[in-house]
2 protein chains.
Amino acid sequence: MLGAMTEEPTTRDRLIQTATRLFRQRGYEGAGLSEILAEAGVPKGSLYHHFPDGKADLACAAADWTASEIIRVIDDSFRAAPDWRHGVTTFCYKMAKLFDILNSADACPIFGLLFDGPDQDRFRAQAEQSFDRIIATAARYGETLGLSPAAAHDAAETFIIGFQGSWTLARTRRKSDVLRGLPKRLYGPA
Amino acid sequence: MLGAMTEEPTTRDRLIQTATRLFRQRGYEGAGLSEILAEAGVPKGSLYHHFPDGKADLACAAADWTASEIIRVIDDSFRAAPDWRHGVTTFCYKMAKLFDILNSADACPIFGLLFDGPDQDRFRAQAEQSFDRIIATAARYGETLGLSPAAAHDAAETFIIGFQGSWTLARTRRKSDVLRGLPKRLYGPA
DNA sequence: GCACGTCTAGACCAATCGGTCTAGTCTTTT
DNA sequence: AAAAGACTAGACCGATTGGTCTAGACGTGC
């Protein structure tokens with residue numbers, strides 16, 4: 001077996017994905033271990049086999065997995081984009097669609113990387129690394145589209161900051177338009 | 001006794017303020033009731049006298065109190081501002097100072113209004129109302145400073161959205177510059 | 001001076017928390 | 001076929017959770 005070449009979800013992956021969803025819905029402390037295990041259909045023993053440090057380990061794995069998913073969406077949005085604004089717009093629309101699928105109730109997948117649990121510094125460091133990966137990915141597309149390295153990094157930060165806040169507002173209002181309106185907010189009328 | 005005319009903090013107020021801080025630091029589920037009570041120096045009985053529905057009631061009161069505090073800072077920032085950008089800048093600097101005082105570890109006071117606990121809809125509705133109060137306050141200053149009602153509301157939303165995201169990024173990096181850099185990000189070089 | 005509403009005080013409770021541990025079941029290697 | 005890991009399975013644990021309930025302290029109107 002050479003790792004993740006097969007397609008059916010392994011126990012470990014099912015655990016991570018279920019945990020990701022529940023952490024996003026209820027927060028780190030709000031999502032009970034037994035609830036996660038029950039929904040994933042995995043016994044306690046397996047959890048502590050794959051994640052020796054238990055819940056905290058699982059949360060970090062969930063954050064990492066989430067960051068990779070976000071990066072995948074960024075890739076999908078910018079790969080064929082003719083310019084920066086188009087990439088941002090596509091991303092926002094994709095995420096607005098996700099927002100609607102998620103019942104409009106979940107925390108922002110990106111923000112959700114920052115857990116509020118104990119072990120503050122471990123979670124903070126994990127979130128910082130994930131954020132940087134996300135911003136760096138967006139910045140790379142900025143450079144590809146003609147921006148200077150500094151300008152690209154700045155544009156990527158502004159983009160992610162704006163997205164963050166937009167998701168929060170969208171969540172309190174249960175309306176995804178806020179997300180779709182972000183490009184206009186950031187860059188003016190098209 | 002005619003309500004809140006005296007100055008020394010009542011049991012109820014001590015409870016709200018302690019709860020606000022702990023919710024901000026550890027989230028709704030993360031902040032234990034006994035911890036809140038111990039730090040506030042208040043017994044269980046008093047809590048359930050003032051807040052019959054317990055933790056959920058307390059959380060809503062905390063959200064409300066926080067919104068009022070934010071509005072106070074908005075007032076202080078915009079009252080004497082010569083234009084919109086100055087108001088936003090002053091607000092960002094005041095909040096950056098607060099961020100540093102808070103050890104750079106707490107959740108955004110505004111975002112923190114949105115609790116991740118159970119009773120989702122009650123908390124969501126409470127947060128929506130508080131957000132609207134905050135945005136409406138900022139928008140009013142926008143109008144005073146010459147913007148049309150629609151433009152003022154839009155500017156206020158953009159401002160709060162940007163602030164939200166900036167605090168999050170500042171928190172993961174433990175650096176308050178992100179907050180101070182928001183006006184330039186939103187409105188270009190001064 | 002006693003009765004009544006407000007508020008404080010904390011013992012107590014069932015339920016749940018995250019985590020440990022032993023037992024058993026596969027799969028792979030020899 | 002025997003031995004050895006990898007992994008699953010869940011009973012069990014002490015600690016803590018939010019919440020209830022009774023008892024008393026304090027002030028105020030009669």
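Every chain is numbered from 1 and lettered A, B, ... according to where its sequence line falls, protein lines coming before strand lines.
The pair B:D121-A:R174 meets the salt-bridge criterion, with a side-chain N (NZ, NE, NH1 or NH2) lying under 4.0 Å from an Asp/Glu carboxylate O. Ion pair A:D100/A:K175 not flagged as a salt bridge, since none of the NZ, NE, NH1 or NH2 atoms sits closer than 4.0 Å to an Asp/Glu carboxylate oxygen.
Sorted by first and then second residue, the ring-ring contact (aromatic ring centres under 6.0 Å, His included) pairs involving residues 116-145 of chain B (not counting sequence neighbours) are B:Y28-B:F123, B:F78-B:Y141, B:F115-B:F123.
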Listing, residues 144-153 of chain A side-chain donor-acceptor contacts under 3.5 Å, not counting sequence neighbours, or none:
unit_1	atom_1	unit_2	atom_2	d
A:T144	OG1	A:R140	O	3.0
A:S148	OG	A:A151	N	3.1
A:H153	NE2	A:E157	OE2	3.1

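Residue B:M95 holds its CE atom at 12.5 Å from CZ of B:R180, rounded to the nearest 0.5 Å.
Taking atom CG of B:L22 as the reference point, atom C1' of D:dT17 lies 15 Å away to the nearest angstrom.
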**Q.** nucleotides 8-19 of chain C: protein proximity per nucleotide (B base, S sugar-phosphate only, - neither; heavy atom, under 4.0 Å)
**A.** BBB------SBB
